[in-house]
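From a predicted model like this one, the values you see are computed outputs, not experimental measurements. Chain A is the first sequence line, chain B the second, and so forth, proteins listed ahead of strands; every chain is numbered from 1.
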Protein chains: 2
Amino acid sequence: MSKRPAPAKSELEIARIVWKLGGATVRQVLDELPPERGLDFKTVQTYLRRLEAKGYLKTHREGRSNVYRPTVRPGKVIGEVMDDLVKSLFDGEVLSLFQHFVRDRGLSADEVQKLRQLLDQAERESQ
Amino acid sequence: MSKRPAPAKSELEIARIVWKLGGATVRQVLDELPPERGLDFKTVQTYLRRLEAKGYLKTHREGRSNVYRPTVRPGKVIGEVMDDLVKSLFDGEVLSLFQHFVRDRGLSADEVQKLRQLLDQAERESQ
DNA sequence: CTTGACGGCGTACAATTGAACGCTATGATG
DNA sequence: CATCATAGCGTTCAATTGTACGCCGTCAAG
């Protein structure tokens, strides 16, 4: 059960692109990044290598490039990151997190409405 | 407008205690930490000093101890941290974050109900 | 074939983070 | 008063993170 090291923030940014593409080379990830992000090829390469080392991606050779692909469901990774954050910022109470958004930060009417829909839907599906 | 450096995770843990107490000495923070956390006095001291350096706390002498107290509203700090996270993990879409909880992670019936209440209340207050 | 571009792999390197030590001043106690 | 514990302040130190460079092999174009 020895946990993988948590992904760093920049790593997550990269991982999300790999998830979106299902699998990708350094170049493909780089092309997918907003240009104003201004990351170097080698930098992206490093992040991908690190994600592999941490166990979030696996790689296999394809031609002269490495193709990286996910080994863990995105939802699971995001879940781990969020749980950790909720634990350290909201005493593990998801509701406190929601409270922050609804009360402190404030949601737009549109967001509120969409959130209601989400809840209705989840309820219908789960009963 | 030069932003304060974001608080690190351990720092936030400490800051939350200061917020809860309204102001605190190293010793008071230490006493408030769960004992299994196992942090040393000096370590807590370091985190408090760092929070001060980053501009989240100010300190003044009281007897032989320093009392640290907040300089920024907790909601604001949490807001900054959350915004950053939502940006890097959900493309800045708060709704995607909610989606993660409602769909992927799943909320208990109780949590759903409480969340609905939050929404109702917010709506009533804001119109 | 030679050359140049591209990519892999190892390495670098400063900043930040997590955690704590040592020296020193000071206030409480025998 | 002498001693001891406590707290401050400056420092340390390894690990992680953000970002990238250099060397080396290979494939494609002249």
inquiry  = Rounded to whole Å, please give me the gap between CG in B:D84 and C1' in D:dG18.
reply    = 14 Å
ask   = Please give, in whole Å, the distance from D:dG8 P to B:L57 CG?
value = 13 Å
ask   = Can you name the closest pair of heavy atoms from B:R69 and B:V18 and give their distance?
value = CA-CG1, 4.1 Å
Gap separating the CZ atom of B:R116 from the CZ atom of A:R116, nearest 0.5 angstrom = 8.0 Å
inquiry  = Whole angstroms only, please: what is the CZ-C1' distance between B:F41 and D:dC9?
reply    = 12 Å
ask   = Please give, in whole Å, the distance from D:dT6 P to B:Q45 CD?
value = 13 Å
message = Rounded to the nearest 0.5 Å, what separates atom NZ in B:K58 from atom CG in B:L51?
response = 13.5 Å
task = To the nearest Å, give me how far apart CZ (A:R4) and P (D:dT16) are.
result = 16 Å
message = My understanding is that only one of A:T71, A:N66, A:V67, A:L48 makes a side chain to side chain contact (heavy atoms under 4.5 Å, CB included) with A:T59; could you say which?
response = A:N66
query = Mapping A:R64 and A:T43 to their closest nucleotides on DNA chain D, which lands nearer the 5' end?
reply = A:T43
Nucleotide D:dT26, atom P - distance to CD of A:E62 in whole Å = 18 Å
query = Between atom CG in A:D40 and atom P in D:dT17, what is the gap in whole Å?
reply = 20 Å
task = Considering only heavy atoms of chain B and a distance under 4.0 Å, specify the first and last nucleotide of DNA chain C in 5' to 3' order that meet this criterion.
result = C:dT17 to C:dG27
query = Hey, does the side chain of B:R27 come within less than 4.0 Å of D:dA7's phosphate (OP1/OP2), counting only N and O?
reply = yes
query = So does A:T46 reach the base of D:dA20 with its side chain, donor to acceptor, closer than 3.5 Å?
reply = yes
ask   = Where the side chain of B:R49 is defined as all heavy atoms beyond and including C-beta, which of D:dT19, D:dT11, D:dA7 is the nearest nucleotide?
value = D:dT11
note = Assert: residue with more 5' nearest nucleotide on DNA chain C, out of B:Y47 and A:T25, is A:T25
message = Rounded to whole Å, how long is the line connecting atom CZ of B:R61 with atom P of D:dG8?
response = 6 Å
message = Here's a test of your reading of the structure: between A:P5 and A:E13, which maps to the more 5' nucleotide of DNA chain D?
response = A:P5
Donor-acceptor contacts under 3.5 Å from residues 89-97 of chain A side chains, at least two apart:
residue	atom	partner	partner atom	Å
A:D91	OD1	B:R16	NH2	2.7
A:D91	OD2	B:R16	NH2	3.0

query = Rounded to the nearest 0.5 Å, what separation is found between the CG atom of A:L21 and the CG atom of A:D31?
reply = 10.0 Å
query = Does D:dT19 have OP1 or OP2 sitting under 4.0 Å from an N or O in the side chain of A:R37?
reply = yes
key: Lys/Arg-Asp/Glu bridge criterion (N-O < 4.0 Å) met for B:D84, A:K9   = yes
